[in-house]
Each structure stands twice: as structure tokens, then as C-alpha cells.
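Notes to accompany the following structure.
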Amino acid sequence: MDFNEVIDRRGTNAVKWDVPAGDLPMWIADMDFPTAPAIIQAIQKKAAFGVFGYETVPPAYFDAVCHWYAAEHDTQLRREWLLYCTGVIPALSSIVRRVSHAGDNVVVQAPVYDIFYHSIENNGRRTLTSNLDYDLTTHRYTINWSDLEIKLADPLSTLMILCNPHNPIGKAWGKTDLQKIAALCRKYHVVLVSDEIHGDLVLGPPAYTPIFALPANDLQGIIALVSPSKSFNVAALHAATVVIADPALRTVVNRGLNNDELAEPNLMAVPATIAAYTASAGWLTALKQQLVKNRTIVSRFIRNELPQITLASENATYLLWLDIRQLSADADQFTHFLQDRTGLILSSGNVYRGDGQYFIRMNSACPPPMLQDGLQRLKAGVIAWIKNQQVEKTAQDK
């Protein structure tokens, strides 16, 4: 479990590293660490078998998911609640098509993961946004409850997509918030889908509360999406689990997943997921310790070297939400400048909508030497940006 080794991933078909020579990508949610040894061993064993016919999902897969949530999150799942899918976003898009209708509103809380918008709008639905409130003093987000209720009460709102923990702001929603959201959705007959792919990556209190940990009476009309992909850096395995306690809703979603051909695993998905959930807890603990160290490195660097930037993330995920409003009101422009001048590639907050134009997102899940390189490039880019702005202002004044 060496998280300090820098591994060269160029030329390996890695989306993250398909960038110009010399550039440093710190954007997409993909860690630059090898996965857990038990997962690697499971994949090697499967590959050594040598026969790669059609696969099915055995009971052992669902048992592993139930074991993980009981052991790691003190949450009891019933095996009959669980459905297999080839990924969280494929599941989400299928649910949008199956549960809502063309022209319906799908409610989200911006700034939020940009692919939600793709799943909604590419399927002929309309995004209805209830923006989170941002406190300029505490640099924390909260839910605008009155606005959220108005949006859910709209007769065309049939579905809400929740992000828990919330990407990109790094916030794990507490049980009280989750119960209140669930109650509002029930009140207005809105199906609630909770993307919980970052649930294992909460780095301090408050802890992650799975939405399916709510009392049984609160689980009607609720769907949760979970996966080992972010926790163990195995996104290319294409494995996720859909959790639905409501039997009628589960039947509808299951039909959609099968009609969309999303319910059959590839040959590595099942053994790797079982290995993750039954034999890799120690690795994840060590990973989170490294992620905490990395966050401390970033926080200290920003405080001491970059007073123009504020770390606005809370306690979840390795994706850091950086407030750049003292530098720019257009994150697109700033991130393009940053890459041009320094080769550092960060995510522009514009794509997450809401107040995202004032923010950039930085992936801190990498070996410390790479992280330090990224921070130095960020500093150099900020210095160049300030100087460039001063030159432009002088030219305008003339």
C-alpha cells in the first residue's frame, strides 16, 4: 500500500492521461494509485482461467454488497433490494427514461456533477435546478428548503437526483437533511434517486449516511446507486448496484435495466467487486489516511501561498472545490489560461452550473510528489493570471 510512487500512465488508454506531453491532469475523478491487492489478485485469477463466456451475477455478489454496508456503514440491506448494473450513470440514464416522461422536470441541486445534466437533457427531460446556498463567510453550502419545495411541487417534476456525498462540493448530507428531502419527495410524488458513488470516501465527521439507512417507512419511492469504482479506483470494471426497497419501483427499474441491456457483467466485474467488498477494507482505510494527508498539504499550501483562493470543500471525496472569485468570475477562462501557461488541467466549475463559475475542481488523489507539482503549477498560474490582468487593465486605462 505505497501511495507515494508516481506511476506513468501515459499511453495506457487512460482518459485522464490522454493529454499533451508535459501537461498534468488533475481533473477527472480517477485516482493515480493502483487498486487494492485483493482486487488485482481476483482479476489475475479470473484471467488465468482462460474461458470468457457470458457471465451472470451470482448471489455472492449481492452478499458482498450487503456485507460491506453492514461492516463499513452499519446499514443492513436486504439482498432482494439489489440489482446489478454496468455503472452508476448508465443506471441513472435508464431510470430517467423509465421513471419519468419526455418533457418532465428532473430536480437537481446545483452546483452538481455535470453528467447528471447529460442524463436528463439527452433523454428529452428538463433540468429544474434548486441551487444550493453558499455562505461567503464559512465557505459552506446548505439547502434552500423553500426553493427546493417549490421546485418539487411543480406538477411537471417527477424525479429528483440527489448527490450524497455531493460532488463537487464535497459534502456528506446528514440524516436529518436526507429525511427532509425524502419527505418532500413523497409529499409531491417525486421519485428520489441518490447517487452515492463517493460514500466510502468521507474523510471525517459527519459520517456518510446511506439514504437506504433511513427508516423503512421513508424508503418508498427511493433509489440509491452505489459502486466500488471511486472507492477502489476501478471505474473501468463497469460495476454498480441499484438499491430499491420499494418492490413496485424495483420492478419498473429492473425492466428498464434489462431492456437497455445494462444488467449483464463483464468477466472481471463480479470477482473484483467481491474482492473489494470482502477483502479490501484495510486498503481503503490506508487510502483515506493518504487522502487526508493530501488534503492537509493542499490546505496548507493554499493558506500560505495562495491567499487569493479558498478551499471550500467539506469532508468528502478527494475532489477539492476551490473558490477563485477573488481572481475571476469565469472559471472557464481561468482554467484555459492555467493549462496554456502551466500545463495544469483542472475542472472548470462552470460545467456544474449554479455558482460554479466562481470555482475550480481539483483532484487530489495522487502521490504527494505529483500533488506538489500541481500546487506549484497552480501558484505559477495564479501569479501569471494576476500579472496578465494588470497588463490588460493598464491597456484599457490608456
Side-chain angles (χ1 to χ4, degrees), residues 2-35 113-115 167-168 170 229-230 233-236 287 290-291 293-311 313 317-324 326-328 330-352 356-392:
D2 181 5
F3 297 105
N4 292 290
E5 181 185 1
V6 176
I7 299 172
D8 185 2
R9 298 176 62 194
R10 295 179 188 275
T12 63
N13 296 329
V15 171
K16 181 178 183 179
W17 285 91
D18 186 17
V19 298
D23 280 11
L24 178 60
M26 300 182 77
W27 61 290
I28 196 170
D30 174 336
M31 297 189 285
D32 285 298
F33 302 125
T35 193
Y113 182 44
D114 57 306
I115 306 302
N167 172 17
S229 65
K230 302 303 180 192
N233 208 33
V234 290
L287 169 72
Q290 184 62 56
L291 295 178
K293 292 177 183 177
N294 283 8
R295 180 172 291 211
T296 300
I297 291 170
V298 174
S299 178
R300 184 180 299 122
F301 188 92
I302 289 175
R303 185 172 60 251
N304 295 335
E305 306 289 338
L306 292 172
Q308 307 88 349
I309 294 178
T310 303
L311 178 61
S313 292
T317 85
Y318 50 76
L319 302 167
L320 303 183
W321 193 232
L322 305 178
D323 188 333
I324 62 164
Q326 292 186 50
L327 293 169
S328 177
D330 186 347
D332 273 348
Q333 187 180 14
F334 180 76
T335 51
H336 288 146
F337 179 91
L338 197 61
Q339 182 176 1
D340 288 342
R341 290 298 182 95
T342 73
L344 178 63
I345 306 174
L346 302 182
S347 297
S348 166
N350 293 60
V351 298
Y352 308 106
Q357 73 270 21
Y358 299 111
F359 295 85
I360 54 177
R361 194 187 75 168
M362 180 181 192
N363 180 345
S364 63
C366 60
M370 187 181 295
L371 183 62
Q372 292 286 2
D373 182 11
L375 290 171
Q376 291 297 336
R377 292 182 191 225
L378 179 58
K379 180 180 177 180
V382 168
I383 292 171
W385 172 268
I386 293 172
K387 186 177 296 184
N388 188 67
Q389 295 298 105
Q390 291 171 343
V391 170
E392 290 184 356

Just verifying a value: how many Å separate M31 CE and L291 CG, rounded to the nearest 0.5 Å?
6.5 Å

With no hydrogens and no angle check, do the side chains of N233 and T35 hold a donor and an acceptor under 3.5 Å apart?
no

Start with the C-alpha distance between L378 and M26, add both sets of side-chain angles, then the distance that settles side chain to side chain contact (heavy atoms under 4.5 Å, CB included), and finish with yes or no.
CA-CA 11 Å; L378 179 58; M26 300 182 77; over 6 Å; no

Where the side chain of Y318 meets the backbone of C366, is there a donor-acceptor pair that is under 3.5 Å apart?
no

Point-to-point distance, once rounded to the nearest 0.5 Å, from CD1 of I302 to NZ of K379:
12.5 Å

Residues Y352 and P168: closest non-hydrogen pair is CG-CG, 3.9 Å

Can you check whether T342's main-chain N or O pairs, donor with acceptor, with R377's side chain at less than 3.5 Å?
yes

Exam field: side chain N167 to backbone Y113, donor-acceptor pair closer than 3.5 Å:
no

So NZ of K16 and CD1 of I28: to nearest 0.5 Å the spacing works out to 8.5 Å

What's the shortest heavy-atom distance between P369 and V6, and which atoms?
CB-CG2, 4.1 Å

N350 side chain to A331 backbone, donor-acceptor under 3.5 Å
yes

Flag if over 12 foreign heavy atoms under 6.0 Å of CG, D18
no

As a quick check of understanding, evaluate side chain to side chain contact (heavy atoms under 4.5 Å, CB included) for N388 and E392, giving each step before the final call.
CA-CA 6 Å; N388 188 67; E392 290 184 356; 3.3 Å; yes

Is a donor from one side chain sitting under 3.5 angstrom from an acceptor on the other, for D30 and W17?
no

Check P367 against N4 and note the closest heavy-atom contact, atom names and distance.
CB-O, 3.4 Å

CZ of R300: more than 12 outside heavy atoms within 6.0 angstrom?
no

Checking F334 against V382 for the side chain to side chain contact (heavy atoms under 4.5 Å, CB included) test, could you report, in this order, the C-alpha distance in whole Å, the side-chain angles of both residues, the deciding distance, and whether it holds?
CA-CA 9 Å; F334 180 76; V382 168; 4.0 Å; yes

State plainly whether the residues D114 and R361 are in salt-bridge range, i.e. N to O under 4.0 Å.
no

Taking all atoms of both residues into account, what is the closest heavy-atom pair of V351 and S348, and its distance?
CG2-O, 3.3 Å

Applying side chain to side chain contact (heavy atoms under 4.5 Å, CB included), run through L24 and I345 and close with a yes or a no.
CA-CA 6 Å; L24 178 60; I345 306 174; over 6 Å; no

Using 30° and 60° as the class limits, which term best fits the ring planes of W385 and F337: parallel, tilted or perpendicular?
perpendicular

For residues P368 and Q290, report the shortest heavy-atom separation together with the two atoms involved.
CG-NE2, 3.6 Å

Distance-minimising heavy-atom pair for A21 and R10
CA-NH1, 4.0 Å

